[in-house]
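No experiment lies behind these values; they were computed from the predicted model shown. Order of appearance sets the numbers: ligands from 1, and atoms from 1 within every ligand.
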Amino acid sequence: MTTYLVTGGAGFVGSHLIDRLLDEGHSVLCVDNMVTGSRANIAHHLSNPKFEMMRHDVTFPLYVEVDAVFNLACPASPVSYQKDPVQTIKTSVLGAINILGLAKRLKCPVVQASTSEVYGSPERHPQDETYWGNVNPIGPRACYDEGKRAAETLFFDYRRQHNVDAKVVRIFNTYGPRMAVDDGRVVSNFIVQALKGEDITIYGDGTQTRSFCYVSDLVDGLVKTMEISRDFSGPVNIGNPAELSVHDLAEQIIDLTRSKSRLKTMPLPVDDPIKRKPDISIAREHLKWSPEVELEDGLIATVDYFRSLGM
Ligand code: NAD
Ligand code: UDP
Ligand code: UDP
């Protein structure tokens with residue numbers, strides 16, 4: 001049995017990761033400042049003696065005793081990370097320093113939730129881990145993209161300089177139950193709009209692409225990264241290579257929900273990446289990982305979740 005620290009554990013991905021770790025009989029300390037997380041995501045564990053919740057902001061030092069760390073703390077949707085950009089970059093950079101300091105003191109492994117946003121608006125397609133990316137360092141997405149890039153730098157420097165077992169996972173767009181209704185990401189927005197019969201908001205002409213991974217597949221990739229030997233550092237892409245346009249996603253969600261919603265075009269946000277698709281060769285070879293959940297099945301489960309909220 002291992003005691004895991006999961007920062008950002010009350011968020012969408014973190015809460016599913018905690019479910020999995022507790023299911024396997026481990027203990028979990030969830031650290032979250034609740035800026036985008038929700039008590040409802042972890043409420044079902046509050047009476048479990050192997051689960052502990054601590055309200056704390058990772059930009060401040062954290063002294064706790066654990067065996068391994070998943071560092072997920074950071075708002076993830078463009079709407080939420082642009083609300084307080086200075087806090088967003090502090091969360092990635094100061095958060096990484098504190099969590100790496102902790103892992104160094106405890107001599108324990110630490111996995112960083114990085115992102116496909118480190119590739120920016122990519123000029124190489126699909127994106128493999130050797131690509132250095134195309135990021136605007138001063139635009140509205142930079143607080144997130146550059147924060148996550150600096151965190152990767154810190155993870156690799158703590159590995160080289162302090163011999164910390166630090167690993168980096170680059171997560172591509174992930175969706176599923178417990179996405180916040182109002183967090184502004186495309187899957188949750190479209191499902192909520194379709195269920196309410198509101199217009200579906202397509203930003204730009206809808207030809208931009210994304211590749212969507214179901215949350216259980218991502219959790220599996222995170223756990224496999226933690227379990228592999230300390231020689232493996234990543235960065236490793238975790239995502240589903242099934243690419244589709246935002247327009248096609250909207251049509252699929254309208255079909256699945258049998259909605260009468262219509263498509264409405266809105267301006268494309270600044271620096272919105274035109275295309276995105278992971279090359280997952282490293283994950284396949286080293287982690288023996290590949291996604292298992294088809295988009296349609298994942299969307300059905302996600303629609304059921306939003307329906308269960310009374311929509
Ligand atoms: P989320 O917003 O649901 O969860 C993030 C959690 O971190 C929230 O519970 C939030 O309250 C907490 N948090 C934010 N700032 C904090 C701070 N300073 N101190 C402590 N807690 C803090 O987002 P998510 O989708 O669950 O994303 C989890 C992680 O995965 C993030 O690091 C994100 O960047 C990364 N990621 C997610 C995706 C995706 O598609 N879901 C894609 C790429 C990367
Ligand atoms: N830190 C922490 N928890 C720990 C150990 C360290 O939050 O258990 C913080 C500590 O406050 C420091 C940062 O992590 O600011 C980096 O730690 P490191 O040991 O690398 O740096 P130093 O203490 O030498 O500045
Ligand atoms: N998008 C959209 N309508 C929405 C929300 C998002 O057309 O209501 C688009 C957005 O412009 C982007 C894609 O969907 O091209 C994915 O956006 P999201 O915010 O989910 O994640 P990103 O990959 O941009 O971080």
Side-chain angles (χ1 to χ4, degrees), residues 6-17 30-38 41-42 54-65 70-81 84 87-88 90-92 94-106 112-118 141 144-145 147-148 151 154 158 161-162 164 169-176 178-180 183-190 192-193 200-204 206-213 215 218 222 238-239 245-247 249-250 264-269 271-276:
V6 180
T7 76
F12 158 54
V13 174
S15 65
H16 287 278
L17 175 62
C30 169
V31 163
D32 202 300
N33 70 351
M34 306 307 274
V35 64
T36 53
S38 129
N41 288 345
I42 47 160
M54 179 178 174
R55 188 185 278 254
H56 172 83
D57 180 331
V58 295
T59 63
F60 296 97
L62 174 67
Y63 284 81
V64 292
E65 309 307 310
F70 288 99
N71 187 35
L72 274 58
C74 187
S77 89
V79 172
S80 45
Y81 69 64
D84 188 349
Q87 171 67 10
T88 298
K90 281 186 185 172
T91 294
S92 279
L94 299 177
I97 291 172
N98 289 325
I99 295 305
L100 286 161
L102 178 127
K104 176 183 144 200
R105 175 177 64 83
L106 298 174
Q112 165 70 355
S114 190
T115 168
S116 53
E117 284 281 322
V118 300
R141 296 174 87 100
Y144 184 74
D145 300 8
K148 290 284 189 179
L154 285 159
Y158 268 78
Q161 194 175 333
H162 296 307
V164 173
V169 175
R170 292 184 179 153
I171 302 170
F172 284 63
N173 296 62
T174 299
Y175 69 99
R178 302 192 193 142
M179 294 184 86
D183 90 348
R185 282 182 272 191
V186 67
V187 174
S188 44
N189 266 13
F190 285 3
V192 170
Q193 290 161 345
I200 306 271
T201 52
I202 307 261
Y203 301 161
T207 56
Q208 72 271 32
T209 68
R210 293 293 187 273
S211 308
F212 296 98
C213 183
V215 64
L218 168 59
L222 289 170
I238 295 288
S245 71
V246 163
H247 179 274
L249 176 72
K264 172 179 159 191
T265 302
M266 312 251 299
L268 188 69
D271 294 337
D272 198 280
I274 300 303
K275 51 186 188 292
R276 180 180 290 156

Which protein heavy atom lies closest to [atom], and at what distance to 0.1 Å?
| atom | answer |
| --- | --- |
| atom 44 (C) of ligand 1 | S114 O, 3.4 Å |
| atom 15 (O) of ligand 2 | N98 OD1, 3.9 Å |
| atom 26 (O) of ligand 1 | V13 N, 2.8 Å |
| atom 5 (C) of ligand 3 | Y203 CE1, 3.3 Å |
| atom 5 (C) of ligand 1 | C74 O, 3.2 Å |
| atom 19 (N) of ligand 1 | V58 N, 3.0 Å |
| atom 11 (O) of ligand 3 | D272 OD2, 2.7 Å |
| atom 20 (O) of ligand 3 | V186 N, 2.8 Å |
| atom 22 (C) of ligand 1 | N33 OD1, 3.0 Å |
| atom 8 (C) of ligand 1 | T36 OG1, 3.2 Å |
| atom 3 (O) of ligand 1 | F12 N, 2.9 Å |

| said: Under 3.5 Å between any N/O of G11 and any N/O of ligand 1: does that happen in this structure? | reply: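 Yes, G11 has an N/O under 3.5 Å of an N/O on ligand 1.
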| Contact (N/O only, under 3.5 Å) between V31 and ligand 1 |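 No; the residue has no nitrogen or oxygen that sits under 3.5 Å from a nitrogen or oxygen of the ligand.
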| message | Distance under 4.0 Å to a non-hydrogen atom of A76: what atoms of ligand 1 satisfy this? | response |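 What qualifies from ligand 1 is 2 (O), 23 (O), 24 (P), 25 (O), 27 (O), 33 (C).
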| Contacting atoms of ligand 1, where contact means under 4.0 angstrom from a heavy atom of H56 |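 Close to H56: 19 (N), 20 (C).
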| query | Counting only N and O atoms by type, is there a donor-acceptor contact under 3.5 Å from the side chain of S211 to the main-chain atoms of R276? | reply |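 Yes: the side chain of S211 pairs with the backbone of R276.
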| Backbone N/O of L62 and side chain of N98: donor-acceptor pair under 3.5 Å |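 Checking the backbone N and O of L62 against the side chain of N98, no donor-acceptor pair under 3.5 Å is found.
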Check for me whether [X] has a heavy atom closer than 4.0 Å to any atom of ligand 1.
| X | value |
| --- | --- |
| P75 | yes |
| Q87 | yes |
| K90 | no |
| R170 | no |

| said: Could you check whether atom 7 (O) of ligand 2 has a protein contact, counting only heavy atoms that fall below 4.0 angstrom? | reply: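 Yes; the ligand atom in question has protein heavy-atom contact below 4.0 Å.
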| Per-atom contact, atom 22 (P) of ligand 2, protein heavy atoms, under 4.0 angstrom |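 Looking at atom 22 (P) of ligand 2, one finds that no protein heavy atom lies closer than 4.0 Å.
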Can you list the ligand 2 atoms lying under 4.0 Å from a non-hydrogen atom of [X]?
| X | value |
| --- | --- |
| G101 | 5 (C), 6 (C), 14 (O), 16 (C), 17 (O) |
| I97 | 13 (C), 14 (O), 16 (C) |
| R105 | 4 (C), 5 (C), 8 (O) |

Report, in ascending order of atom number, the atoms of ligand 3 lying under 4.0 Å from any heavy atom of [X].
| X | answer |
| --- | --- |
| G184 | 5 (C) |
| I202 | 7 (O) |
| V246 | 7 (O), 13 (C), 14 (O) |
| N189 | 4 (C), 5 (C), 8 (O) |

Identify which of [options] has a heavy atom lying nearest to [atom].
| atom | options | result |
| --- | --- | --- |
| atom 38 (C) of ligand 1 | I171, L222, N173 | I171 |
| atom 25 (O) of ligand 1 | R185, R178, M34 | R185 |
| atom 3 (N) of ligand 3 | T201, N173, V192 | T201 |
| atom 12 (C) of ligand 1 | T91, D32, T174 | D32 |
| atom 25 (O) of ligand 3 | Q193, R141, R210, M179 | R141 |
| atom 14 (C) of ligand 1 | N98, V35, D57, L72 | V35 |
| atom 9 (C) of ligand 3 | K275, R185, Q208, E117 | Q208 |
| atom 36 (N) of ligand 1 | Y175, Y144, F60, F212 | Y144 |

| message | Looking at ligand 2, would Y158 count as a contact under a 4.0 Å heavy-atom criterion? | response |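 Under 4.0 Å: yes for Y158.
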| said: Under the rule for salt bridge (charged side-chain N to carboxylate O under 4.0 Å, His left out), what residues qualify as partners of R185, not counting sequence neighbours? | reply: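 Testing R185 for salt bridge (charged side-chain N to carboxylate O under 4.0 Å, His left out), a comparison that skips the adjacent residues, returns D183.
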Please confirm whether [X] approaches ligand 3 to less than 4.0 Å, judged on its heavy atoms.
| X | answer |
| --- | --- |
| G204 | no |
| P78 | yes |
| R276 | yes |

| request: Would you mind telling me if ligand 1 is within reach of the side chain of S116, the backbone, both or neither, using heavy atoms under 4.0 Å? | output: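 For S116, no heavy atom sits under 4.0 Å from ligand 1.
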| task | Output yes when K90 and D84 qualify as a salt bridge under the 4.0 Å nitrogen-oxygen rule, no when they do not. | result |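 No, K90 and D84 are not salt-bridged.
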| Salt bridge flag under 4.0 Å for residues E117 and K148 |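 Between K148 and E117 there is no salt bridge, as every charged N stays at least 4.0 Å from the carboxylate O atoms.
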| request: Would you please test V215 and F12 for side chain to side chain contact (heavy atoms under 4.5 Å, CB included) and show each step? | output: CA-CA 9 Å; V215 64; F12 158 54; 3.8 Å; yes
| task | Output yes when the distance from some N or O of ligand 2 to some N or O of P61 is under 3.5 Å, and no in every other case. | result |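 It does not: no N or O of P61 is found under 3.5 Å from an N or O of ligand 2.
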